[in-house]
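First up is the structure itself, then whatever we jot down about it.
The chain is numbered in sequence order, starting from 1. Heavy-atom basis, side chains included; hydrogens, waters and symmetry copies ignored.
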Amino acid sequence: MEHTVRKNPRNRVALRITGAIFVLIAIARVLYLFMGEGSKNIFITLLCVICFVYGARLIKETFRPQAYDITYVFLDKTMTLKMRKKELTLGYGEITDLGYVVPNESLDYSLIQIYIGKEQYVIPFSGNMQVAEALYGMLKLKRDEALPSEDEATDE
């Protein structure tokens, strides 16, 4: 099975512009202090440091692989994530946690959350709850098959 999650490039651009504005606010404050014209109010300086960190974080997050289109290819023993600049092939045993979320029962919308190490991948399904349920069941079954049982883990 193959499923593609499309991301809107305008969202990345908007977040980068917002992050750049926060960074520019912080840089303007630093320049204002170095020119010796501004008061050395510690609260405003601290607020500008927070602006800089937040802006840098926003810009950094727009370059993550999850910010771009991802194609998930689910095979028998492995799953492949085709991202912008790389292709990642993982065994189902590498999935640390799975989640199935239905935000509102009256809407035909659901999410599958796949945690691989520290990374989280979200697969939205709009109008295809049956496909999402089937995929979640398959992923859970494949993950449970790939993980060693507790009896095998204690024998080693």
With the 4.5 Å side-chain cut-off for hydrophobic clustering, are [X] and [Y] part of the same group?
X    : Y    : result
I123 : V73  : no
L98  : Y100 : yes
I44  : F22  : no
I70  : V131 : yes
I17  : V53  : no

To the nearest 0.5 Å, tell me how far [X] [atom1] sits from [Y] [atom2].
X    : Y    : atom1 : atom2 : answer
T45  : Y32  : OG1   : OH    : 11.5 Å
T89  : E87  : OG1   : CD    : 5.5 Å
Y121 : Y115 : OH    : OH    : 13.0 Å
T96  : K118 : OG1   : NZ    : 11.5 Å
L139 : Y72  : CG    : OH    : 10.5 Å
I114 : E119 : CD1   : CD    : 12.5 Å

> Given F74 and M138, is the side-chain contact (heavy atoms from CB on, under 4.5 Å) satisfied, shown in steps?
Replying inline: CA-CA 10 Å; F74 301 101; M138 185 217 44; 3.9 Å; yes
> Could you go step by step and tell me if D69 and K7 meet the salt bridge (Lys or Arg N to Asp or Glu O under 4.0 Å) rule?
Replying inline: CA-CA 5 Å; D69 294 348; K7 302 291 175 114; over 6 Å; no
Given side chains that start at C-beta, do those of [X] and [Y] come closer than 4.5 Å, heavy atoms only?
X    : Y    : result
V23  : Y54  : no
F63  : R16  : yes
V101 : Q113 : yes
Q120 : D97  : no

> Is the charged tip of R29 near the ring of F52: under 6.0 Å from the six-membered ring centre and within 45° of its axis?
Replying inline: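 Because its charged atom misses either the 6.0 Å distance or the 45° angle limit, R29 does not stack over F52.
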> Around atom OH of Y92, are there more than 12 heavy atoms of other residues, nucleotides or ligands at under 6.0 Å?
Replying inline: yes
> For atom CZ of R64, is the number of surrounding heavy atoms from other residues, nucleotides or ligands below 6.0 Å larger than 12?
Replying inline: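 More than 12 heavy atoms, drawn from other residues, nucleotides or ligands, come within 6.0 Å of this atom.
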>> Would I112 and L135 count as a side-chain contact (heavy atoms from CB on, under 4.5 Å) here? Give the steps.
In response: CA-CA 9 Å; I112 294 178; L135 179 62; 3.9 Å; yes
> Is E61 reaching over with its side chain to a backbone N or O of L58, donor-acceptor style, under 3.5 angstrom?
Replying inline: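 No, E61 side chain to L58 backbone: no donor-acceptor pair under 3.5 Å.
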>> Quiz question: by atom type and distance under 3.5 Å, do the side chains of R12 and T62 form a donor-acceptor pair?
In response: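 No pair is found: no donor N or O on one side chain lies under 3.5 Å from an acceptor on the other.
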> Which pair of non-hydrogen atoms, one from Y136 and one from G99, has the smallest distance, and what is that distance?
Replying inline: CE1-C, 3.9 Å
